[in-house]
Amino acid sequence: QSSTSTDENKTTKSMNLLDNASNLLTNFLSGGKIGSMPTAEGAVSDLFGKPLFFSLYDWFIEHGSVYKLAFGPKAFVVVSDPIVARHILRENAFAYDKGVLADILEPIMGKGLIPADLDTWKQRRRVIAPGFHSLYLEAMAKVFTDCSVRMIAKFEKLLEVEASRGEKKIDLDLEAEFSSLALDIIGLGVFNYDFGSVTKESPVIKAVYGTLFEAEHRSTFYLPYWKIPLAKWLVPRQRKFQNDLKVINDCLDALIKNAKETREEADVEKLQQRDYLNIKDASLLRFLVDMRGVDADDRQLRDDLMTMLIAGHETTAAVLTWAIFLLAQHPAKMKKAQAEIDLVLGKERTTFEAIKKLEYLRLIVVEALRLYPQPPLLIRRSLMSDTLPGGYNGNKDGYAIPPGTDLFVSVYNLHRSPHFWDNPNDFEPERFLMQKLSQLEGWAGFDPSRSPGALYPNEIISDFAFLPFGGGPRKCVGDQFALMESTIALAMLLQKFDVSLKGSPESVELVTGATIHTKNGLWCQLKKRSSLN
Ligand code: HEM
């Protein structure tokens with residue numbers, strides 16, 4: 001990077017800091033303006049012990065779907081209302097940025113889509129989103145299957161070893177296994193790099209986990225000590241973090257260099273029609289580098305790849321983890337899923353076409369995302385004054401929001417709201433087939449015809465009551481990738497194995513950083529399915 005652009009960056013950063021400081025001051029001075037909504041008083045102890053989103057749920061039931069959460073002088077607005085969520089995420093999306101989330105992720109993702117400033121985001125979103133076209137997804141279905149086959153072959157080997165000792169089952173931490181699977185898939189899908197983490201360890205794999213661990217630490221640690229000058233060299237865990245970042249960046253830089261050296265420039269339409277099932281490199285990196293008229297510098301490409309590596313890895317692993325956690329507690333539903341798999345696949349591999357027929361499996365995936373959304377909260381900060389609508393049970397005049405206000409859209413609350421779901425805490429994949437239409441003013445209810453051709457229920461069908469991938473312009477770019485990946489991995493696993501929990505469901509403790517995961521792993525017992533013996 002040239003010294004001029006470094007200086008420009010510094011200037012922009014100081015201006016952002018000044019803006020933030022002045023927003024916070026305005027917010028502080030106009031504190032009365034967000035005062036007209038119900039207020040929950042948080043104690044510092046609420047931040048420790050149990051995940052914050054649990055407390056936000058209790059306050060939602062007590063105070064309603066828009067409330068202010070005050071921690072001493074600091075206040076957050078907590079939204080658990082589809083009408084208000086739709087306003088923030090779609091109708092007035094550009095009045096908000098990612099606030100504290102961008103502060104945490106910027107050192108890792110630079111100017112990648114999640115933390116990027118608005119101008120960079122606009123340019124890069126336009127280029128990246130077309131990369132997830134249908135032929136790419138079809139090629140990815142093969143990658144998802146190949147990687148799942150590799151994971152299953154590993155489990156079968158372990159079973160053989162146990163069988164030689166007279167045991168018919170194996171104990172495994174499936175959360176860790178899904179994490180390796182998702183890492184292998186994201187590496188191949190995004191930059192055609194095989195981490196091979198299902199079967200081995202490597203310095204790059206360790207560095208990816210180190211970086212995720214640090215991102216999680218920063219999102220749950222309330223004093224940003226890493227911003228103190230020299231902390232990154234003096235504090236051992238920060239030094240390790242810098243080393244981990246370097247290992248990943250070197251790996252990504254080498255892949256980018258190679259992709260640029262073999263560049264074959266083409267228009268977007270031509271790129272989307274390549275023979276994806278037969279080309280050697282179907283990755284998103286190839287698409288981004290080959291696109292005519294877009295010359296992203298290496299730094300930007302690296303930020304894009306790093307963002308997708310982090311955004312697409314633990315999230316998908318978490319969906320699989322919670323789907324198995326839920327199925328293991330509902331053996332009849334696991335059997336129903338296996339019957340569907342037997343009918344659609346028999347003993348064959350999963351394919352892109354088969355996903356369309358695996359309806360119950362698809363509903364299991366979305367039901368797991370309803371009960372355990374990843375992340376459970378969407379974070380925003382207002383860039384200008386706004387008026388939030390009152391929502392379905394709030395103030396008719398709405399709520400004034402001064403610039404600099406921090407907001408949480410609680411997807412967890414929306415997904416478990418007793419106002420929109422029958423038996424909201426129960427695992428009922430079938431519910432999506434019989435959702436009710438709206439009886440609320442301003443909320444259009446559930447209606448699949450609003451999103452024709454969608455394989456999975458989404459925020460459009462539910463008019464923002466179901467938001468597994470967010471909504472509006474900042475919606476997840478990898479939603480279909482992740483849904484298909486989860487469906488295929490689950491189908492391949494349940495085709496071969498019966499899965500049960502090793503301990504009680506209550507012994508599986510939840511923790512959160514960016515995603516909801518377990519404290520000590522999801523320990524399961526796997527047996528070869530009896531019908532396959
Ligand atoms: C954004 C969820 C998988 C890339 C988001 C957002 C959510 C989300 C909720 C919106 C965040 C916000 O509005 O603040 C998930 C879940 C996944 C998943 C639950 C897995 C089940 C993936 C995958 C990729 C990906 C596989 C890439 C291959 C991104 C990116 C953004 C994003 C780049 C930022 C989009 C933007 O700001 O324009 N994701 N995601 N995600 N996701 Fe995903």
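When a ligand or atom number is given, it counts from 1 through the structure's own listing order. Computation of the quantities below employed the complete heavy-atom set of this structure, encompassing side-chain atoms and omitting hydrogens, waters and symmetry-equivalent molecules.
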Quiz item: Of the choices Cys476, Pro473, Pro373, which has the non-hydrogen atom that lies closest to atom 42 (N) of ligand 1?
Solution: Cys476
Quiz item: Can you tell me how far the CH2 atom of Trp59 sits from the OG atom of Ser410, to the nearest 0.5 Å?
Solution: 11.5 Å
Exercise. Specify the protein heavy atom at minimum distance from atom 23 (C) of ligand 1: its residue, its atom name, and the distance to 0.1 Å.
Key: Gly312 CA, 3.4 Å
Quiz prompt | Ring centres under 6.0 angstrom apart (Phe420, Trp443) | solution = yes
Quiz prompt | Heavy-atom side-chain proximity of Leu510 to Trp322 below 4.5 angstrom | solution = yes
Quiz item: ligand 1 versus Ile186, non-hydrogen atoms closer than 4.0 Å: side chain, backbone, both, neither?
Solution: side chain
Quiz item: Should the proximity of Phe132 to ligand 1, defined as any heavy atom under 4.0 Å, be assigned to the side chain, the backbone, both, or neither?
Solution: side chain
Exercise. Mark up the atoms of ligand 1 that fall under 4.0 Å of a heavy atom belonging to Gly470, in ascending order.
Key: 9 (C)
Quiz item: Counting each atom of ligand 1 from 1 as listed, which ones have a heavy atom of Leu378 under 4.0 Å away?
Solution: 9 (C), 11 (C), 12 (C), 14 (O)
Quiz item: Looking only at distance, does Arg380 have an N or O less than 3.5 Å from an N or O of ligand 1?
Solution: yes
Self-check item: Glu485 near ligand 1 by a heavy-atom separation under 4.0 Å
Solution: no
Quiz item: Which atoms of ligand 1 sit under 4.0 Å from any heavy atom of Val319?
Solution: 21 (C)
Exercise. Report the nearest protein non-hydrogen atom to atom 18 (C) of ligand 1: residue, atom name, distance rounded to 0.1 Å.
Key: Thr315 OG1, 3.6 Å
Practice problem: Identify the heavy atoms of Ala491 and Leu345 that sit nearest to each other, and give their distance. | Solution: CB-CD1, 4.4 Å
Exercise. Could you check atom 33 (C) of ligand 1 against the protein and tell me its nearest heavy-atom contact, residue, atom and distance included?
Key: Val477 CG2, 3.5 Å
Practice problem: Could you tell me whether a side-chain N or O of Asp81 sits under 3.5 Å from a main-chain N or O of Ser65, the two making a donor and an acceptor? | Solution: no
Quiz prompt | Minimum-distance protein heavy atom relative to atom 37 (O) of ligand 1 | solution = Arg474 NE, 2.9 Å
Quiz item: What atoms of ligand 1 come closer than 4.0 angstrom to any heavy atom of Ala482?
Solution: 3 (C), 20 (C), 21 (C)
Quiz item: Without hydrogens or angle criteria, can the side chains of Asn192 and Ser283 be said to hold a donor-acceptor pair below 3.5 Å?
Solution: no
Practice problem: Just do the ring pair (Phe, Tyr, Trp, His ring centres under 6.0 Å) check on Tyr57 and Phe54 with the steps written out, would you? | Solution: CA-CA 5 Å; Tyr57 186 83; Phe54 281 152; 8.7 Å; no
Self-check item: Test item: Asn458 side-chain N/O and Ile460 main-chain N/O as donor-acceptor pair under 3.5 Å
Solution: yes
Quiz item: So which protein heavy atom does atom 35 (C) of ligand 1 come closest to, and at what separation?
Solution: Arg125 NH1, 3.5 Å
Self-check item: ligand 1 N/O within reach of Lys475 N/O, cut-off under 3.5 Å
Solution: no
Practice problem: Any atoms of ligand 1 less than 4.0 Å from a non-hydrogen atom of Leu369? List them with their elements. | Solution: 19 (C)
Practice problem: Answer yes or no: does atom OH of Tyr209 have more than 12 heavy-atom neighbours from other residues, nucleotides or ligands under 6.0 Å? | Solution: yes
Quiz item: Distance under 6.0 Å and angle within 45° of the ring axis: does Arg370 meet both against Trp421?
Solution: yes
Quiz item: For ligand 1, which part of Leu284 has a heavy atom less than 4.0 Å away: the side chain, the backbone, both, or neither?
Solution: neither
Quiz prompt | Short N or O distance, Thr307 and ligand 1, threshold 3.5 Å exclusive | solution = no
Quiz item: Taking heavy atoms and a distance under 4.0 Å, where does Thr316 meet ligand 1: side chain, backbone, both or neither?
Solution: both
Exercise. Quick one: look at Phe469 and ligand 1, take heavy-atom pairs under 4.0 Å, and tell me if it's side chain, backbone, both or neither.
Key: both
Self-check item: contact_flag His313 ligand 1 heavy-atom lt 4.0 Å
Solution: no
Quiz item: Should the pair Arg150-Asp194 be classified as a salt bridge under the 4.0 Å nitrogen-to-oxygen rule?
Solution: yes
Quiz item: Counting from 1, what ligand 1 atoms have a heavy atom of Phe481 closer than 4.0 Å?
Solution: 26 (C)
Quiz item: Looking at Phe408, does the NZ or CZ of Arg381 lie under 6.0 angstrom from its six-membered ring centre and within 45 degrees of the ring axis?
Solution: no
Practice problem: Dump the intermediate steps for ring pair (Phe, Tyr, Trp, His ring centres under 6.0 Å) on Tyr456 and Phe432, then the final yes or no. | Solution: CA-CA 9 Å; Tyr456 299 83; Phe432 286 99; over 10 Å; no
Quiz item: Just which atoms of ligand 1 are under 4.0 Å from any heavy atom in Pro468?
Solution: 2 (C), 9 (C), 19 (C)
Quiz item: Is a side-chain donor-acceptor pair under 3.5 Å present for Asp244 with Thr211?
Solution: no
Exercise. Flag the pair Tyr96 / Phe94 as yes when their ring centroid distance falls below 6.0 Å, and as no otherwise.
Key: no
Practice problem: Identify, for atom 27 (C) of ligand 1, the protein heavy atom at the shortest distance, and state residue, atom and that distance. | Solution: Met308 CG, 3.9 Å
Self-check item: atom 4 (C) of ligand 1: the protein heavy-atom neighbour that sits closest, reported with distance to 0.1 Å
Solution: Ala311 CB, 3.7 Å
Quiz item: Measuring from the heavy atoms of Leu467, does anything fall under 4.0 Å of ligand 1?
Solution: no
Quiz item: What distance do Lys98 atom NZ and Leu105 atom CG have between them, rounded to the nearest 0.5 Å?
Solution: 9.0 Å
Quiz prompt | Glu367 and its salt bridge (Lys or Arg N to Asp or Glu O under 4.0 Å) partner, picked from Arg431, Arg362, Lys333, Arg416 | solution = Arg431
Quiz item: Does some non-hydrogen atom of Leu483 fall short of 4.0 Å from ligand 1?
Solution: no
Quiz item: Which ligand 1 atoms are under 4.0 Å away from a heavy-atom of Ile114?
Solution: 31 (C), 34 (C)
Quiz item: How close does the nearest protein non-hydrogen atom get to atom 2 (C) of ligand 1, and which residue and atom is it?
Solution: Gln374 O, 3.4 Å
